[in-house]
Amino acid sequence: METDDLTPAERRVREAFVTGAHLDFRPSPDDDPADGAAWGPERTVRAEVLRALLLDGPRRTGEIPALNLAGARITGRLDLQYATVDHPVRLRHCHFAEPPRCYAARLRELNLSESVLPGLVAHAVHVDGVLRMTRARFTGTVRLGGAQISGSLYMESATIDAGDTEEPVLQLNPTAVGADLWAPGLRTHGQIRLNGANVAGTLNLNEARLDHPGHAALDAETLSVGGHLLLRQAEVRGWVGLRGARVEGRLDLSYARLANPGGHALRVASSSIGELWLRKSPPMEGVLNLRRAQLDTLLLEPEVVPDEVLLSDLTYTSLTPHEPPERRLRMLERDRHGYVPHAYEQLTAAYRRIGDDHAARLVQLAKQRRHRGTLPWYGRLWGRVQDATVGYGFRPLRAAGWLLSLLAVGSAVYALHPPEPLKAGEAPPFSPVFYTLDLLLPVISFGQESAFAPTGWYQALAYVLVLGGWILATTVVAGVTRTVSRP
């Protein structure tokens, strides 16, 4: 493009480009690029002029060209599709009339911070440095699907509101970011799609406001994060999906508010996460889905748990903070699928790892009671007998109490009314205590039961003692066997 074809503002841009100097058209730092449509020709630059500079701009020996522009109104479409740009592109505080197009372009650096744009088309773009969109405001979709960013992607306090659109407003699938994706305070109205994305460092969405009620606010299936995934103090209306995701560090949802009434609020199914933090937050509005997730540490405060959860095949090594089993069991009782044995086994193992055997026994007792509800009537009846007598073997003191009570009753009755010996000349001296012990304990024999035969209702009492002894003994043995067989 010839110099004679340029406006005075464009000539200034051309002159600054040669030396990489910063050119700022703003009359004051408070100038709002949202009003850029009304800016006059003194700060208006055609997109085709910028394209010509970036692709074949003038050079000066000893100088490094760069497009470093602020406060400009850019008319037309900045089209860098398939282009290779060796110069840094910094277009801050600018107003774009049309969405820039960087499809499959290769750029050294791109900075659109504090600018107002009707969207961005940058599928498969390669950025050798960083891509900055800090506090940028988009009124259309931002398409970065398949982008390759060697450095970091910065979107702090950026806003994306594309109106009523069915497509994701921020498309980052399957983008690869060589460092961090830094977007605290991000505001979106619509879906963020991160399916298959790979972030080598930390993905920071702290204090983000993601709004897509009834739909996916953050869809990140099979996302891979080498550092942390941070959503502290975030507010999300819609569901967060992390199915099959891999987070090496922690997924931190501390102080976050997740709301998707009538649907899933958080999907972490089949994911692998170092640490999952759910704390200092109000109860989720919606379903918490942790099915088949593998966690090293689960930091879960009971107050955060919603009314409905999915926990089948969830595994975790450590569960914090340490809470009484009564508070943890409420979560297991809210499972949509009802009784899930694996969930009780995981909780039991977590208590045993920290040496709280009493809590582990209470969890196992609760498991047996939940299991009882799945049995036919006769199974439930037998279960109630076991529960009332020995607590399914997890209440040994109760069993001892019952045995002592039966021993006392039997000893007193048979001391007042000794049974007749079967063979008077061969019978040993009668002992009401040892006779009652012979009836109660099915394995040990004191030689009394086989030598004496009660009659009438005393014989009925003997049958009751034998039956009671068998119930107590077999249930205790079963409980001890369950306890010993588990690690």
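- One finds no salt bridge joining R135 and E156 here, because no Lys/Arg side-chain nitrogen approaches an Asp/Glu carboxylate oxygen to under 4.0 Å.
- Between R327 and E303 a salt bridge is recorded (basic side-chain N to carboxylate O distance below 4.0 Å).
- Qualifying side chain to side chain contact (heavy atoms under 4.5 Å, CB included) partners for V305, counting only residues two or more places apart in sequence or in other chains: L300, V309, M331, R334.
- For the pair V45/L50, a side-chain contact is recorded, criterion being any heavy-atom separation below 4.5 Å from C-beta on.
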Would you sort out whether T84 and R106 count as a side-chain hydrogen bond (donor to acceptor under 3.5 Å, both in side chains), showing the intermediate values?
CA-CA 5 Å; T84 297; R106 189 171 195 107; over 6 Å; no

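- Among residues two or more places apart in sequence or in another chain, the ring pair (Phe, Tyr, Trp, His ring centres under 6.0 Å) test is passed with H342 by none.
- In this structure, the side chain to side chain donor-acceptor pair (under 3.5 Å) partners of E308, at least two apart in sequence or on a different chain, are R336.
- Under the 4.0 Å criterion applied to side-chain N and carboxylate O atoms, R246 and E248 are assigned as salt-bridge partners.
- Counting heavy atoms from C-beta on, the side chains of L78 and E98 never come closer than 4.5 Å.
- A donor-acceptor pair under 3.5 Å is absent between the side-chain atoms of R267 and the main chain of L242, judged by distance alone.
- Scanning for side chain to side chain contact (heavy atoms under 4.5 Å, CB included) contacts around A216 gives Q191, D219, W239, with sequence neighbours left out.
- Sorted by first and then second residue, the ring pair (Phe, Tyr, Trp, His ring centres under 6.0 Å) pairs involving residues 282-338 (not counting sequence neighbours) are H322-Y351.
- Note that CD of Q233 is 9.5 Å distant from OG of S281, once rounded to the nearest 0.5 Å.
- Side-chain atoms of S254 and D252 form a donor-acceptor pair, as typed in the model, at a separation below 3.5 Å.
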May I have the step-by-step check of side-chain contact (heavy atoms from CB on, under 4.5 Å) for T75 and T44, ending in yes or no?
CA-CA 7 Å; T75 59; T44 299; 3.7 Å; yes

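- In this structure, CG on L295 lies 6.5 Å from OG1 on T315, to the nearest 0.5 angstrom.
- Between E207 and R232 there is no salt bridge, since no side-chain nitrogen of the basic residue lies less than 4.0 Å from a carboxylate oxygen of the acidic one.
- Taking the ring pair (Phe, Tyr, Trp, His ring centres under 6.0 Å) definition, one finds that H87 meets it with F17, sequence neighbours left out.
- Among all heavy-atom pairs drawn from P88 and P65, the shortest one is CD-O, 3.9 Å.
- Partners of H215 under the ring pair (Phe, Tyr, Trp, His ring centres under 6.0 Å) rule, at least two apart in sequence or in another chain, are H212.
- A salt bridge is defined here as a Lys NZ or Arg NE, NH1 or NH2 lying under 4.0 Å from an Asp or Glu carboxylate O, and E114 with R92 meets this definition.
- The stretch residues 63-85 participates, sequence neighbours left out, in these ring pair (Phe, Tyr, Trp, His ring centres under 6.0 Å) pairs: Y82-Y103.
- A salt bridge links D211 to R237: at least one charged side-chain nitrogen sits closer than 4.0 Å to a carboxylate oxygen.
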Under the criterion side-chain contact (heavy atoms from CB on, under 4.5 Å), I'd like the reasoning laid out for M133 against L153: C-alpha separation, chi angles, the key distance, then a yes or no.
CA-CA 8 Å; M133 296 185 286; L153 170 58; 3.9 Å; yes

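- At least one donor-acceptor pair closer than 3.5 Å links the side chain of D356 to the backbone N or O of A359.
- Going from atom CD1 of I192 over to atom CG of L194 covers 7.0 Å, rounded to the nearest 0.5 Å.
- Figure legend: R132 and Y154 shown as a cation-pi pair, the cationic atom lying under 6.0 angstrom from the six-membered ring centre and within 45 degrees of its axis.
- One finds no salt bridge joining D313 and R292 here, because no Lys/Arg side-chain nitrogen approaches an Asp/Glu carboxylate oxygen to under 4.0 Å.
- Residues passing the side chain to side chain contact (heavy atoms under 4.5 Å, CB included) test with T297, sequence neighbours excluded: E275, S318, T320.
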Begin from the C-alpha positions of L6 and R46 and carry the test side-chain contact (heavy atoms from CB on, under 4.5 Å) through to its verdict.
CA-CA 9 Å; L6 302 179; R46 290 171 291 170; 4.2 Å; yes

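- When every heavy atom of A220 is checked against every heavy atom of A245, the shortest pair comes out as O-CB, 4.1 Å.
- When every heavy atom of V236 is checked against every heavy atom of G238, the shortest pair comes out as CG1-O, 3.7 Å.
- Of the inter-residue distances, the one linking L299 atom CG with L278 atom CG reads 8.0 Å to the nearest 0.5 angstrom.
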Test T348 against Q364 for side-chain hydrogen bond (donor to acceptor under 3.5 Å, both in side chains), laying out the working first.
CA-CA 7 Å; T348 300; Q364 285 295 298; 2.9 Å; yes

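- Taking 4.5 Å as the limit, every side-chain heavy atom of V13 sits out of range of all side-chain heavy atoms of E15.
- At least one side-chain heavy atom of Y344 sits under 4.5 Å from a side-chain heavy atom of R370.
- Once rounded to the nearest 0.5 Å, the distance linking CZ of R51 with CG of L53 reads 12.0 Å.
- In terms of heavy-atom proximity, G178 sits nearest to A200 at O-CB, 3.2 Å.
- Within the 4.5 Å cutoff, no side-chain heavy atoms of S270 are placed close to those of R291.
- Residues P27 and R43 come closest through the heavy atom pair CD-NH1, 3.4 Å.
- Heavy atoms from other residues, nucleotides or ligands lying under 6.0 Å from CD1 of I64 number 12 at most.
- Looking at every heavy atom in both residues, V225 comes nearest to L203 through CG1-N, 4.2 Å.
- By the 6.0 Å and 45° rule, R73 does not stack over the aromatic ring of W39.
- For the pair L69 and H93, the minimum side-chain heavy-atom distance is 4.5 Å or more.
- Applying the side chain to side chain donor-acceptor pair (under 3.5 Å) rule to N206 yields the partners N204; only residues at least two apart in sequence or on another chain are considered.
- Residues satisfying the side chain to side chain contact (heavy atoms under 4.5 Å, CB included) test with A16, not counting sequence neighbours, are A21, L23.
- Using a 4.5 Å heavy-atom threshold, the side chains of L205 and L230 count as separate.
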So R108 and D128, salt bridge (Lys or Arg N to Asp or Glu O under 4.0 Å) or not? Walk me through it.
CA-CA 5 Å; R108 176 71 61 83; D128 293 332; 5.0 Å; no

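- We find the OG1-CZ distance between T19 and R59 to be 13.5 Å, quoted to the nearest 0.5 Å.
- Listed by first and then second residue, the salt bridge (Lys or Arg N to Asp or Glu O under 4.0 Å) pairs that reach into residues 277-288 are K280-E301, sequence neighbours excluded.
- Looking at D24 and R26, a side-chain N of the basic residue comes within less than 4.0 Å of a carboxylate O on the acidic one, giving a salt bridge.
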